[in-house]
Amino acid sequence: MHLVLHEEEGAGAAGLILGHPLDTVKVRLQTQNVYRGIVDCVIKTYQRESVLGFFKGMSFPICSVAVVNSVLFGTYSNSLLLLSSTSHQDRKAQPPNYGHIFVAGSIAGFVQAYCLAPFDLIKVRLQNQTEPRARPGVAPSHYRGPLHCARTILREEGPRGLFRGAWALVLRDTPSLGLYFLTYEGLSWWLTSDGKERGSATMLVAGGFAGIISWVVATPLDVVKARMQMDGLKQQEYRGLLDCMVSSARQEGPGVFFRGLTLNSARAFPVNAVTFFSYEHLLRFLS
């Protein structure tokens with residue numbers, strides 16, 4: 001079992017390492033208006049911060065990926081078991097109850113968002129630091145690392161500061177992760193005939209498309225979340241979630257809510273394909 005858990009953690013970490021540079025570019029496009037687009041952001045980040053600039057804020061997600069995935073998939077599996085009263089193996093022999101799947105996925109999304117909020121805030125704050133690496137004559141970054149970031153937020157903004165954007169995160173993840181699991185189970189059932197074991201290709205394809213579809217739904221609130229997480233760093237601009245949405249739309253138009261959609265989709269397929277592949281193999285090992 002320890003071997004499988006290590007494989008799960010390794011797969012999650014590999015997905016994060018591959019996807020984090022895209023996530024950094026996405027976060028900067030959503031929260032800063034100094035870039036003309038994806039290519040401009042990539043070029044300016046590389047010129048100013050080198051390749052390392054794309055990996056800012058990655059240490060917390062890497063350290064927590066196993067716990068986050070355990071919370072998400074554990075809550076989903078147990079919620080689905082309570083709702084359907086059938087085991088994972090038994091469910092394979094019958095058409096899935098899509099209502100149960102959506103509710104179980106939404107519960108898992110809510111629980112994950114609640115646990116993830118402070119870590120996601122720290123990640124976004126670090127990703128938005130555009131200063132080059134510290135050297136003589138150059139002003140140091142506001143945050144020297146994730147732990148210093150957490151301590152600074154607590155000192156300057158209080159405990160509530162660590163939960164900036166938490167409601168936007170909850171509203172993003174609750175329905176989108178319900179749709180995430182719904183898409184995966186529906187595609188898996190459609191691609192697998194006669195209740196046979198799901199093949200590796202089925203897991204990868206269904207997982208990848210589940211990731212893309214969930215991010216299409218999640219991206220508007222992902223933009224709001226990121227902006228609220230950065231609010232208060234220098235001065236507080238928004239009075240709340242609704243004010244952030246109205247102000248952003250008024251100043252930049254409705255298209256602002258789809259910033260980062262291309263990057264989210266490009267990152268979603270490989271990362272979530274690997275995630276579901278690992279999840280299914282873990283379930284088979286434990287069955």
Side-chain angles (χ1 to χ4, degrees), residues 12-62 64-65 68 109 112-113 116-117 119-131 143 146 149 164-166 168-169 171-173 176-177 179-180 208-231 233 244-245 248-249 252-275:
L16 272 172
I17 293 169
L18 290 171
H20 195 81
L22 294 177
D23 187 61
T24 298
V25 174
K26 176 214 59 169
V27 167
R28 292 184 176 191
L29 289 172
Q30 289 177 339
T31 57
Q32 302 179 35
N33 292 317
V34 297
Y35 305 111
R36 295 190 298 271
I38 295 172
V39 175
D40 185 50
C41 182
V42 170
I43 291 172
K44 287 179 177 176
T45 298
Y46 179 75
Q47 289 177 338
R48 185 174 175 82
E49 305 161 62
S50 79
V51 174
L52 296 176
F54 297 102
F55 293 92
K56 287 182 176 178
M58 191 176 70
S59 55
F60 260 21
I62 285 289
S64 63
V65 62
V68 170
Q112 178 197 248
L116 184 63
F119 301 101
D120 190 67
L121 171 77
I122 292 167
K123 175 188 76 74
V124 168
R125 290 279 179 100
L126 292 173
Q127 285 176 312
N128 268 301
Q129 292 195 140
T130 58
E131 297 83 1
Y143 305 121
C149 180
R164 286 188 185 275
L169 181 62
L171 291 174
R172 183 197 78 176
D173 283 359
S176 66
L177 283 169
L179 185 61
Y180 176 64
F209 277 107
I212 290 174
I213 291 172
S214 65
W215 270 114
V216 169
V217 173
T219 294
L221 276 164
D222 189 49
V223 174
V224 175
K225 172 200 71 76
R227 292 184 168 212
M228 293 194 69
Q229 287 171 328
M230 292 304 298
D231 196 35
L233 180 59
C244 177
M245 296 176 70
S248 297
E252 302 167 63
V256 69
F257 297 114
F258 294 95
R259 283 188 187 174
L261 176 58
T262 301
L263 292 167
N264 276 336
S265 299
R267 182 171 59 99
F269 193 96
V271 170
N272 291 287
V274 170
T275 298

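For the numbers below, each heavy atom of this structure counts, side chains included, while hydrogens, waters and symmetry mates do not.
Side-chain contact between H20 and Q127: present, with at least one pair of heavy atoms (C-beta onward) separated by less than 4.5 Å. Side-chain contact between V25 and T45 is absent, with no heavy atoms from C-beta onward closer than 4.5 Å. K44 places a side-chain heavy atom less than 4.5 Å from the side chain of Y35. C244 places none of its side-chain heavy atoms less than 4.5 Å from the side chain of D231. Inter-residue side-chain proximity for R172 and W215 is flagged as met; some heavy-atom pair is nearer than 4.5 Å. Within the 4.5 Å cutoff, the side chain of R227 has heavy atoms near those of the V256 side chain. Annotation: side chain of R259 is in contact with side chain of E252 (closest heavy-atom distance under 4.5 Å).
Listed by chain and number, the residues in a ring-ring contact (aromatic ring centres under 6.0 Å, His included) with F60 are F119 (sequence neighbours excluded). For F209, the ring-ring contact (aromatic ring centres under 6.0 Å, His included) criterion is met by F269, not counting sequence neighbours.
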For L263 and L29: C-alpha separation, side-chain torsions, deciding distance, then whether side chain to side chain contact (heavy atoms under 4.5 Å, CB included) applies. CA-CA 10 Å; L263 292 167; L29 289 172; 3.9 Å; yes
Could you check T24 against F55 for side chain to side chain contact (heavy atoms under 4.5 Å, CB included), going step by step and ending with a plain yes or no? CA-CA 7 Å; T24 298; F55 293 92; over 6 Å; no
Going through the checks in order, is the side chain to side chain contact (heavy atoms under 4.5 Å, CB included) test met by K56 and E49? CA-CA 10 Å; K56 287 182 176 178; E49 305 161 62; 2.8 Å; yes
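Taking all atoms of both residues into account, the shortest heavy-atom contact from A226 to V124 is O-CG1, 4.3 Å. Scanning all heavy atoms of the two residues, the minimum distance from S176 to S214 falls at O-CB, 3.4 Å. Heavy atoms only, all atoms of each residue included: V224 and F257 are closest at CG2-CE2, 3.9 Å. Across all non-hydrogen atoms, the minimal contact from D40 to V34 is OD2-O, 4.0 Å. Of all heavy-atom pairs spanning Y180 and N272, the tightest one is OH-OD1, 2.7 Å.
Between the CG atom in L171 and the NZ atom in K225 there is a gap of 13.0 Å [rounded to 0.5 Å]. To the nearest 0.5 Å, the span separating OH on Y143 from CD on Q129 amounts to 7.0 Å. To the nearest 0.5 Å, atom CD of residue Q30 and atom CG of residue N264 are 6.5 Å apart. In this structure, the separation between OG1 on T31 and CZ on R125 is 11.0 Å, given to the nearest 0.5 Å. Remark: I38 CD1 to I43 CD1 distance equals 12.0 Å, nearest 0.5 Å. Distance OG/S248 to CE/M228: 10.0 Å, rounded to 0.5 Å.
Put simply, the residue from C149, P61, S59 that forms a side-chain contact (heavy atoms from CB on, under 4.5 Å) with I122 is C149.
Side chain of S50 to backbone of Y46: no donor-acceptor contact under 3.5 angstrom is found.
Sorted by first and then second residue, the salt bridge (charged side-chain N to carboxylate O under 4.0 Å, His left out) pairs with a member in residues 16-27 read D23-K26, D23-K123, D23-R267, K26-D222; sequence neighbours excluded.
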